[in-house]
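Both backbone and side-chain heavy atoms feed into the values below; hydrogens, waters and symmetry mates do not.
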Amino acid sequence: MLAAVGTLAIEERPDPELGAADEVALQVEACGICGTDLHILSDPPSHPANVGVVLGHEFVGVVTDVGSQVRSLRVGERVAVAPNLWCGECAWCRRGFRNQCENGTTYGIFIDGGLAPRVIVKSRACHPVSHDLPAHVAALAEPLSTVVHGARQANVFPGETAVVLGAGPIGAMFCALLAAAGATVVAVEPTAERAELALRLGADRVVEPGGLGALRGDVVVDAVGSQLGAALDAVAPGGRILLFGMNQHARAEVAQSRITRDELTILGSYVGQDVLPDAIRLLEQGRVDWDALVTRRVGVEELPSAIDELRSGRALKVEVESA
């Protein structure tokens, strides 16, 4: 749980119980740790969260109980959870932008999430996933779903060149999807382990920062959250820049005339909506070595040391698995 600003704690709690007719109880199988969690656990934090909340928004589990109004799920069914909830009534929800909901909330950030043996979630947040997938792979559905959304916004066409800035787990997922769309993918990444991961998942080559030379991408993805300047340097005239990574402290000074003169398109990409089923299908198809993303699988008692490894770059993707 988030015990205080920037402070992780492990504590015993009673099992949560169903509180509404449209809820289900899940026995959590695995929960991923991502960059957002590291931002939350920074001091000062670079992502908001409610103190006292059980963290973990990338999780998969098995239904153990259902509310009286739940018709779509059964006890024993395995599901991945879309953690972002929307109200359906605000102006943005009514316009179809549910990921911009004014009253939205998120499991594992503002309400209790998946870093616990048992969690209560809305049935509408749950999407069936095959029992054949290993739990640590099935738990990749949520981060992959956000990349599915971003890749669709990038609108890559076969034969184009795509540059991905940063080859952490998210950047590597972008390499996989953009390569599958027919692009020649070049990742920019200084770390050898992450460079190897990008190549394994679909990048044609990896260069260090500053190593693009004269190459310019039709699409440039900032998977870090602070690379707008580098993205502008790397994009071709008429190209698209997809800003995906999140860092609330990042600021950039840009030459606006370059955007105007070269007719560049800059896209923000946030979470997505109705994309988790597509991500689940991608995992179930098995055409990409998604298992390569997960470099450490731990129990909850090992989580503090795993967080340290993520911060230092010694781990790429950590999954916390239930005993």
Side-chain angles (χ1 to χ4, degrees), residues 32-39 46-47 57-58 140-156 160-181 183-212 215-235 239-250 252 264-272 275 279 282 288 290 292-295 310-311 313 315-318:
I33 306 301
C34 83
T36 299
D37 297 305
L38 299 185
H39 291 320
S46 52
H47 194 287
H57 60 277
E58 304 177 357
L140 295 172
E142 192 280 331
L144 181 57
S145 73
T146 66
V147 175
V148 168
H149 175 62
R152 286 177 174 163
Q153 289 176 288
N155 196 26
V156 165
E160 290 189 313
T161 297
V163 175
V164 178
L165 304 177
I170 290 295
M173 287 180 175
F174 267 109
C175 289
L177 295 194
L178 298 177
T184 297
V185 179
V186 180
V188 179
E189 173 56 53
T191 307
E193 293 82 2
R194 295 186 175 202
E196 180 182 347
L197 177 63
L199 291 169
R200 188 168 176 179
L201 265 71
D204 292 275
R205 64 189 179 100
V206 181
V207 301
E208 293 192 356
L212 287 173
L215 176 69
R216 295 294 178 265
D218 302 292
V219 171
V220 178
V221 177
D222 175 9
V224 179
S226 59
Q227 300 299 303
L228 176 55
L232 285 166
D233 290 340
V235 70
R240 290 97 70 198
I241 293 174
L242 184 77
L243 302 179
F244 184 91
M246 290 280 287
N247 184 337
Q248 291 190 344
H249 298 315
L264 302 179
T265 300
I266 298 180
L267 302 161
S269 184
Y270 181 68
V271 176
V275 284
L282 283 168
V288 175
W290 302 112
L293 284 162
V294 182
T295 57
L310 285 168
R311 283 177 170 152
L316 296 178
K317 186 67 177 177
V318 169

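For residues 141-152, the salt bridge (charged side-chain N to carboxylate O under 4.0 Å, His left out) pairs, not counting sequence neighbours, are Arg152-Asp278.
A distance of 10.5 Å separates CG in Asp233 from CD in Gln227, rounded to the nearest 0.5 Å. Expressed to the nearest 0.5 Å, how far CG of Leu282 lies from CE of Met173 amounts to 10.0 Å. Here the OH-CG distance, from Tyr270 to Leu243, works out to 15.0 Å after rounding to the nearest 0.5 Å. Rounding to the nearest 0.5 Å places OG1 of Thr265 at 12.0 Å from CD of Gln153. Taking CE of Met246 as the start and NE2 of His47 as the end, the distance is 5.0 Å to the nearest 0.5 Å. Here Glu160 contributes atom CD and Thr184 contributes atom OG1; the two are 10.0 Å apart, rounded to the nearest 0.5 Å.
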Decide yes or no on side chain to side chain contact (heavy atoms under 4.5 Å, CB included) for Asp222 and Ile241, but give the supporting numbers first.
CA-CA 8 Å; Asp222 175 9; Ile241 293 174; 5.6 Å; no

Verify side chain to side chain contact (heavy atoms under 4.5 Å, CB included) between Leu177 and Val156, making sure each step is shown before the conclusion.
CA-CA 10 Å; Leu177 295 194; Val156 165; over 6 Å; no

Given side chain to side chain contact (heavy atoms under 4.5 Å, CB included), test Val185 with Phe174 step by step and report yes or no.
CA-CA 9 Å; Val185 179; Phe174 267 109; over 6 Å; no

Evaluate the side chain to side chain contact (heavy atoms under 4.5 Å, CB included) criterion for residues Leu293 and Leu316: first the C-alpha distance (whole Å), next the side-chain angles of each, then the deciding distance (0.1 Å), finally the verdict.
CA-CA 7 Å; Leu293 284 162; Leu316 296 178; over 6 Å; no

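In this structure, the side chains of Val294 and Leu140 come closer than 4.5 Å at one or more pairs of heavy atoms. Counting heavy atoms from C-beta on, the side chains of Asp37 and His57 come closer than 4.5 Å. Looking at Val221 and Leu178, their side chains come closer than 4.5 Å, going by heavy atoms from C-beta outward. Counting only heavy atoms from C-beta outward, the side chains of Arg240 and Val235 never approach each other to under 4.5 Å. Counting only heavy atoms from C-beta outward, the side chains of Leu197 and Thr295 never approach each other to under 4.5 Å.
A search for salt bridge (charged side-chain N to carboxylate O under 4.0 Å, His left out) contacts involving Arg216 returns nothing, not counting sequence neighbours. With sequence neighbours excluded, no residue satisfies salt bridge (charged side-chain N to carboxylate O under 4.0 Å, His left out) with Arg194.
In this structure, Ser145 and Val275 approach most closely via the heavy-atom pair O-CG2, 3.4 Å. Of all the heavy atoms in Ala250 and Gly225, the pair that sits closest is CB-O, 3.5 Å. Listed here is the closest heavy atom pair of Leu201 and Ala292: CD1-CB, 4.1 Å. Annotation for Ala176 and Val288: closest pair CB-CG1, 4.1 Å, computed over non-hydrogen atoms. Smallest separation of non-hydrogen atoms from Ala141 and Ala279: O-CB, 3.5 Å. Considering all non-hydrogen atoms of both residues, Glu189 and Ala167 come closest at OE1-N, 2.9 Å.
Of the listed residues (Asp218, Val219, Val220), just one forms a side chain to side chain contact (heavy atoms under 4.5 Å, CB included) with Val163, and that residue is Val220.
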